[in-house]
There are 2 protein chains.
Amino acid sequence: MKIDPKSSGDLSAQIATAIKDAIVSGVLNIDERLPSEAELADHFQVSRPTVREALKRLAAQALIRTQRGASGGAFVNRLSFEDAYAQQITTSTLLLSMNEVSFETACEARYALERACAPLSADRRTADHLATMRAEIFRQSQPGLTDEAFCASDVAFHRALVDGAANPVLSYQLAGAVEAMQPLMNIITFTARDRAQIVDLHSEIADAIENCDGAAAITGLTDLENETLRLAQNVFAARSAKS
Amino acid sequence: MKIDPKSSGDLSAQIATAIKDAIVSGVLNIDERLPSEAELADHFQVSRPTVREALKRLAAQALIRTQRGASGGAFVNRLSFEDAYAQQITTSTLLLSMNEVSFETACEARYALERACAPLSADRRTADHLATMRAEIFRQSQPGLTDEAFCASDVAFHRALVDGAANPVLSYQLAGAVEAMQPLMNIITFTARDRAQIVDLHSEIADAIENCDGAAAITGLTDLENETLRLAQNVFAARSAKS
DNA sequence: CATTTCTCAAATGTAAGACAATTACCTCGC
DNA sequence: GCGAGGTAATTGTCTTACATTTGAGAAATG
């Protein structure tokens with residue numbers, strides 16, 4: 001399983017890679033126990049702290065979990081969709097915030113992906129998904145809502161739309177695209193009129209999904225994308241005019 | 001910046017979270033140097049190995065990079081699209097291999113997402129993208145190709161298609177969906193006739209992209225999805241008949 | 001005999017100190 | 001002025017030790 005080829009980087013990185021390869025290639029199966037830290041240290045001819053650093057690298061990626069006590073140790077972790085969601089969201093968020101991705105680019109990607117889900121969601125949505133969408137629409141129409149809460153509700157609405165497709169792989173992929181947009185959306189300060197328009201479009205989309213009309217849902221999403229872009233342009237124009 | 005709230009988990013996990021929050025919230029900027037390990041240990045009132053384990057967790061997520069020597073240390077890393085690609089691909093691959101995702105579900109997600117890129121790619125593809133697609137099509141028509149090489153070329157073809165959309169966020173999202181499918185595709189042993197059909201569909205898609213015809217590209221992708229599903233069903237039927 | 005409690009061993013979690021390796025910076029000699 | 005070498009700072013690694021948790025078996029007790 002565990003040869004350590006003379007590659008580059010720290011020892012802990014090399015060991016982490018070796019173990020990761022063993023997991024990916026199936027040498028180590030799910031829920032199988034890894035050798036103890038002392039045994040690994042002996043095997044790789046390094047000290048225990050070095051092994052521990054390697055294990056922490058893997059734990060950070062949710063590849064293993066550790067348990068203390070007798071018959072404890074490190075176990076290969078089944079990567080759950082929830083773990084993957086979380087990783088996706090933080091990675092996507094950082095990617096957008098650190099790389100000066102234009103609002104247009106991020107928006108385009110998000111709505112392109114959402115439109116991909118729309119026909120499936122129109123086919124398969126359950127009453128539960130519809131109820132969530134309607135509830136978020138209602139919340140969004142409440143006047144006292146802060147901008148942050150409005151955006152959070154927006155995310156919840158779109159999550160329900162995506163989850164309606166009943167395809168966990170799609171949900172996983174979209175989680176990053178939808179949630180990572182929230183910080184960008186938060187910079188738009190919505191006027192009452194803006195919100196009303198968005199809520200109307202949300203209702204239009206929800207209607208289309210309820211009527212199992214995928215094409216109408218796509219149209220609604222496209223309209224929403226254009227509206228979002230228009231609002232963003234206003235904000236950016238006002239900002240550059242001020243400076 | 002760095003308070004350590006009484007949360008759960010190991011000390012190293014808590015410290016890693018604290019630093020990550022500082023990065024995400026902007027307290028630490030890109031390329032800014034973190035305090036030295038000794039200073040962090042002093043600040044958090046833990047030992048240096050514990051701090052190191054926390055830093056390794058962050059390094060595993062490409063959030064920081066470290067440098068030895070005087071004026072070395074840990075620096076906030078700009079999360080590049082390439083780093084994010086790599087993370088996405090390994091996460092997606094493990095997610096599919098560890099969760100008994102059906103071939104149909106993965107296939108549906110992949111082609112739904114690709115169809116989302118098709119119109120954009122038809123609009124924006126460069127000669128370079130087209131050339132890559134044609135070259136991969138040519139390679140796929142060579143008779144001596146192994147199944148693995150055929151699948152790898154398939155991935156390269158679809159990557160070019162996706163990259164043609166000229167939207168790095170889309171490329172990032174799709175990288176996982178496309179590449180993670182490869183292990184699943186590899187279980188299909190293609191006959192010569194299968195390959196010819198797939199190559200024809202690839203050509204059809206490339207033609208559509210060349211002619212800036214997004215609708216035709218979507219049609220071609222849908223046909224390819226159906227063909228892929230048909231092949232997979234044959235394989236699964238043959239397999240269950242044998243057992 | 002059943003049940004509770006104790007103790008022990010194994011494993012991870014944490015700490016402290018030391019040394020090696022690397023690298024920027026400073027000083028000194030020319 | 002400039003190059004060579006030394007020096008300090010910092011990460012990388014090793015060693016040793018102790019603390020904490022947890023399961024399992026032994027022992028005590030009803």
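Here is how names work: the chains are called A, B, and so on, in the same order as the sequence lines, proteins then strands, and each is numbered from 1.
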Legend entry - Any donor-acceptor N/O pair under 3.5 Å between C:dG17 base and B:R48 side chain: no
Legend entry - D:dA9 OP1/OP2 closer than 4.0 Å to side-chain N/O of B:S36: no
Legend entry - D:dG12 phosphate, OP1 or OP2, under 4.0 Å from A:T50 side-chain N/O: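 False: A:T50 side-chain N/O out of range (4.0 Å or more) of D:dG12 OP1/OP2.
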Integer-rounded Å distance: [N] [atom2] and [X] [atom1]:
| X | N | atom1 | atom2 | answer |
| --- | --- | --- | --- | --- |
| A:R52 | D:dC14 | CZ | P | 15 Å |
| B:L40 | C:dA15 | CG | C1' | 16 Å |
| A:I64 | C:dT12 | CD1 | C1' | 11 Å |
| A:R33 | D:dT22 | CZ | P | 15 Å |
| A:E53 | C:dG13 | CD | C1' | 14 Å |
| A:D10 | C:dA21 | CG | P | 15 Å |
| A:L11 | D:dT15 | CG | P | 12 Å |
| A:R57 | D:dG12 | CZ | P | 9 Å |

Inset, instruction - Report which part of the nucleic acid B:E39 touches: base, sugar-phosphate, or nothing (heavy-atom distance under 4.0 Å, all strands). - result: nothing
Inset, instruction - Determine yes or no for a side-chain-to-main-chain donor-acceptor pair under 3.5 angstrom, with A:R139 supplying the side chain and A:S153 the backbone. - result: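 It does not hold such a pair.
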Inset, instruction - State whether the side chain of A:S25 and the backbone N or O of A:D21 hold a donor-acceptor pair below 3.5 Å, judged by distance alone. - result: yes
Enumerate all atom pairs, one protein N or O and one N or O from nucleotides 22-24 of chain C, separated by less than 3.5 Å.
unit_1	atom_1	unit_2	atom_2	d
C:dT22	O2	B:G69	N	3.4
C:dT23	O2	B:A70	N	3.0
C:dA24	O4'	B:A70	O	3.4

Inset, instruction - Take atom CZ of A:F138 as the centre, draw a 6.0 Å sphere, and report whether it contains more than 12 heavy atoms from other residues, nucleotides or ligands. - result: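 Open.
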Inset, instruction - Taking atom CD of B:Q142 as the centre, report whether more than 12 heavy atoms of other residues, nucleotides or ligands fall under 6.0 Å from it. - result: yes
Legend entry - Residue whose closest nucleotide on DNA chain D lies nearer the 5' end, A:V46 versus B:E37: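 Whichever sits nearer the 5' end wins; that is B:E37.
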Legend entry - Charged N-O contact under 4.0 Å between B:R65 and B:D31: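 Yes, charged N to carboxylate O under 4.0 Å.
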Inset, instruction - Before accepting this row, confirm whether a basic side-chain N of the pair A:R52/B:D10 lies closer than 4.0 Å to the acidic partner's carboxylate O. - result: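 No, A:R52 and B:D10 are not salt-bridged.
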Legend entry - Qualifying residues under ring-ring contact (aromatic ring centres under 6.0 Å, His included), relative to A:F103, sequence neighbours excluded: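 ring-ring contact (aromatic ring centres under 6.0 Å, His included) check on A:F103 returns nothing, list empty.
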